[in-house]
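Take a look at the structure set out below.
In what follows, chains are A, B, ... by sequence order, proteins preceding strands, each numbered from 1.
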Protein chains: 2
Amino acid sequence: MKLKELAEQLGLSQTTVSRALNGYPEVNSATRERVSQAALKFGYSANANARRLAIGRIGAIGILMPNDRSERFGPHTSEFFSGLAERLSQDEMDLLMSPVINNDEISAYRRLISSKRVDAIIVTGPTLMDERVAMLTEAKFPFVLHGRTNIEAPHAWLDIDNAGAFRQAASHLLDLGHRHIAMIDGLKGHTFSEHRELGYREALLERGVPIDPRFIVHERFSDETGFREAQRLLSYAPHPTAILAGSMMTALGVFRAIRSKGYQLGKEVSIIAHDDVFPYLNASNMVPSMTTTRSSIRSAGTRIAEMLVRILDGEPVENLHEVWPVELILRQSSGPPVIPG
Amino acid sequence: MKLKELAEQLGLSQTTVSRALNGYPEVNSATRERVSQAALKFGYSANANARRLAIGRIGAIGILMPNDRSERFGPHTSEFFSGLAERLSQDEMDLLMSPVINNDEISAYRRLISSKRVDAIIVTGPTLMDERVAMLTEAKFPFVLHGRTNIEAPHAWLDIDNAGAFRQAASHLLDLGHRHIAMIDGLKGHTFSEHRELGYREALLERGVPIDPRFIVHERFSDETGFREAQRLLSYAPHPTAILAGSMMTALGVFRAIRSKGYQLGKEVSIIAHDDVFPYLNASNMVPSMTTTRSSIRSAGTRIAEMLVRILDGEPVENLHEVWPVELILRQSSGPPVIPG
DNA sequence: GCATAATTTCAAAGCGCTTTGGAATATTTG
DNA sequence: CAAATATTCCAAAGCGCTTTGAAATTATGC
């Protein structure tokens with residue numbers, strides 16, 4: 001069914017029907033109601049392409065998918081996407097996923113822009129001086145950044161308080177009496193990783209606890225690296241009595257390493273992991289349940305979509321940045337250090 | 001830059017330029033070359049919406065994202081999406097991700113169809129008598145199924161040989177001398193899960209090895225369930241000397257359980273997992289490396305996108321179904337059973 | 001009952017592209 | 001060189017919707 005037909009059915013003009021559906025003020029509310037009822041009844045919905053052609057908006061948000069073995073496209077991504085789509089679908093906006101060719105992100109972004117297939121772009125996993133952010137800002141193409149950079153030029157972003165999360169976690173461990181705390185986090189260079197290290201350092205510094213550089217590890221998020229690095233950490237003497245893990249994936253590996261050394265979790269060695277809230281990896285169901293710094297990456301996706309919509313509605317990007325606090329959830333994997341024997 | 005401007009630049013008519021770009025035969029190859037060079041140079045690319053409006057194709061493929069805590073949206077999904085996008089982008093096709101509201105998939109599909117926002121749909125994770133497949137077949141809306149059903153009506157699908165994979169894996173373990181083999185796979189009802197159980201049963205039956213129903217477990221794919229179920233399995237007497245795991249997530253939990261019982265992997269207890277090939281979970285890098293049945297879910301995505309394109313080009317769905325063989329890759333986590341002590 | 005305001009209609013342009021049918025021009029062929 | 005073939009152009013319709021400006025109709029206020 002097309003607009004013309006719907007209008008005929010209702011005995012109204014196309015103009016009025018179109019106006020009713022698009023929320024124009026000059027249409028009688030009774031008429032508007034009648035129109036939307038009819039639209040529902042006949043299953044009418046405007047042809048997306050025609051509509052977009054007419055209003056000059058593409059109606060899609062772009063996001064790149066690195067197709068190398070990068071750490072950027074992991075389980076986090078699907079949760080994040082899920083949140084995005086939840087909000088975007090309200091405005092009939094598509095989420096366009098475009099792959100990166102030859103690992104050349106910058107030109108992938110340029111292509112995305114010039115092909116006029118998206119109204120705006122979402123950038124994730126920034127470094128402190130991210131070149132993609134610099135490029136998009138300069139090109140004046142609308143985008144929202146998931147994360148933060150040190151780049152001054154105004155742009156929209158949403159980040160969680162990574163420094164605060166790790167500061168909290170480390171402080172808590174210090175309160176419990178730990179003096180040898182290690183962290184295994186994401187790759188160096190990424191903002192979130194740097195911020196977490198900052199938070200960790202602050203907490204230790206505050207108590208005058210010396211920082212052992214061997215105890216600060218930056219690695220990809222995976223079970224395997226978590227295992228390997230934790231094994232290494234636990235082989236030192238003295239070994240850390242607590243480990244901060246940057247992701248649940250890493251934490252799984254750390255769990256395994258602690259167990260394989262014969263230590264009890266939450267006793268000889270404690271662990272606190274950052275939890276992005278995956279439906280299939282529940283921290284509280286684990287044995288023992290895992291203490292986490294918790295922040296839903298999915299909710300972040302929803303919020304970022306909201307910001308995107310606002311930008312396209314003309315809201316200046318200067319107003320659009322927020323930092324979300326992260327809560328520390330105490331469970332069994334963290335406890336006062338126990339000296340074995 | 002728009003078509004009109006490009007044509008002016010070239011001193012050609014819009015018609016010719018459009019024809020050149022769209023591969024019409026009546027245009028001189030030298031001209032065609034000149035046009036594409038110019039298009040490249042000026043960064044011209046047709047306005048997607050106008051083009052789609054003109055040719056009457058939406059230019060997007062739909063896929064639903066259950067937004068409950070279902071097992072359907074896990075790490076597999078992102079890999080699969082990645083493969084899809086890789087192929088779809090060649091044809092400038094978007095991948096439209098739409099969330100399911102109120103857990104009502106059927107009406108989400110209906111909405112997707114009636115909103116005319118997609119040309120075709122991808123359905124994943126089917127059950128043997130999947131109602132979505134039945135509905136879409138009946139509605140005659142183009143779709144490709146990732147997996148298989150027992151539904152007779154012709155439709156396009158691609159599946160891997162799940163029965164063969166588990167048959168192979170179980171046979172291999174039997175060859176090594178195992179007589180107590182357990183499997184922890186996905187939820188009951190899903191085709192892939194049923195097929196795997198079938199393959200497992202066939203292998204045991206063939207050797208006359210009795211099947212212990214306690215050794216067949218159907219659960220969600222997650223580290224946690226893998227751990228819990230493996231612990232249970234290993235508490236039986238006699239306990240299984242080998243475990244088949246339906247996913248790498250599950251396998252991780254099983255690993256942990258085996259270790260926590262003090263057994264050596266590949267000695268007292270062997271494990272073979274199905275590997276969908278995640279960039280961040282490498283079976284061969286694990287310690288010990290993991291024997292797997294391997295089939296890239298990403299490649300499946302690429303191939304399914306290819307099938308989709310064909311359907312839209314008019315190829316009858318009757319021709320479009322394939323079963324991919326699965327290779328068994330022997331590594332260290334599987335070996336002849338060792339009697340402890 | 002008449003001026004004023006609120007709705008609705010009409011007719012048409014425009015979004016940028018594809019496609020068509022016939023005409024015009026260029027290139028080849030025998 | 002005429003005839004046949006290959007290219008390109010021209011003009012216009014059409015895809016389905018939004019938007020505009022002016023006119024027509026209906027409702028409301030005093």
At a heavy-atom distance below 4.0 Å, what parts of [range] sit against DNA chain C?
range: residues 51-62 of chain B; value: B/Arg51, B/Ala54, B/Ile55
range: residues 27-35 of chain A; value: A/Val27, A/Asn28, A/Thr31
range: residues 11-19 of chain B; value: B/Thr15, B/Ser18, B/Arg19

Item checked: ring-ring contact (aromatic ring centres under 6.0 Å, His included): pairs with one or both residues in residues 124-143 of chain B, sequence neighbours excluded -> B/Phe143-B/His155

Note to self: Applying ring-ring contact (aromatic ring centres under 6.0 Å, His included) as the test, list every pair that has at least one member in residues 32-63 of chain A; sequence neighbours left out.
What the structure shows: none

Notebook entry, point to check: Closer to the 5' end of DNA chain D via nearest nucleotide, is it B/Glu26 or B/Ala50?
Noted result: B/Glu26

Taking distance alone, no hydrogens or angles, what donor-acceptor pairs closer than 3.5 Å link side-chain atoms of residues 2-13 of chain A to residues at least two apart or in another chain?
from	atom 1	to	atom 2	distance (Å)
A/Glu5	OE1	A/Lys2	N	3.3
A/Ser13	OG	A/Thr16	N	3.1
A/Ser13	OG	A/Thr16	OG1	3.1

Notebook entry, point to check: How would you list all residue pairs meeting salt bridge (Lys or Arg N to Asp or Glu O under 4.0 Å) that involve residues 31-42 of chain A, not counting sequence neighbours?
Noted result: none

Notebook entry, point to check: Any side-chain heavy atom of B/Leu88 sitting closer than 4.5 Å to one from B/Leu95?
Noted result: yes

Notebook entry, point to check: Are A/Phe81 and A/Arg298 close enough that some pair of their side-chain heavy atoms sits under 4.5 Å apart?
Noted result: no

Notebook entry, point to check: Among B/Trp157, B/Phe80, B/Phe192, which residue meets the ring pair (Phe, Tyr, Trp, His ring centres under 6.0 Å) test with B/His146?
Noted result: B/Phe80

Item checked: ring-ring contact (aromatic ring centres under 6.0 Å, His included) partners for A/Tyr109, two or more places apart -> none

Next item on the list: Please work out if A/Asn22 contacts a base, only the sugar-phosphate, or nothing of the nucleic acid, heavy-atom cut-off 4.0 Å.
Entry: sugar-phosphate

Under 3.5 Å donor-acceptor pairs involving side-chain atoms of residues 306-317 of chain B, not counting sequence neighbours:
from	atom 1	to	atom 2	distance (Å)
B/Glu306	OE1	B/Arg87	NE	2.6
B/Glu306	OE1	B/Arg87	NH2	3.2
B/Asp313	OD1	B/Arg57	NH2	3.1

Check: Taking any atom under 4.0 angstrom from a heavy atom of chain B, which nucleotides of DNA chain D are the first and last to qualify, 5' to 3'?
Finding: D/dT7 to D/dG16

Checklist line | Which residues share a salt bridge (charged side-chain N to carboxylate O under 4.0 Å, His left out) with A/Asp159, sequence neighbours left out | finding: A/Arg148

Checklist line | Which residues share a salt bridge (charged side-chain N to carboxylate O under 4.0 Å, His left out) with B/Arg19, sequence neighbours left out | finding: B/Glu26

Item checked: Lys/Arg-Asp/Glu bridge criterion (N-O < 4.0 Å) met for B/Asp94, B/Arg117 -> no

Check: Going through the checks in order, is the side-chain contact (heavy atoms from CB on, under 4.5 Å) test met by B/Ile122 and B/Leu84?
Finding: CA-CA 10 Å; B/Ile122 291 169; B/Leu84 282 177; 3.4 Å; yes

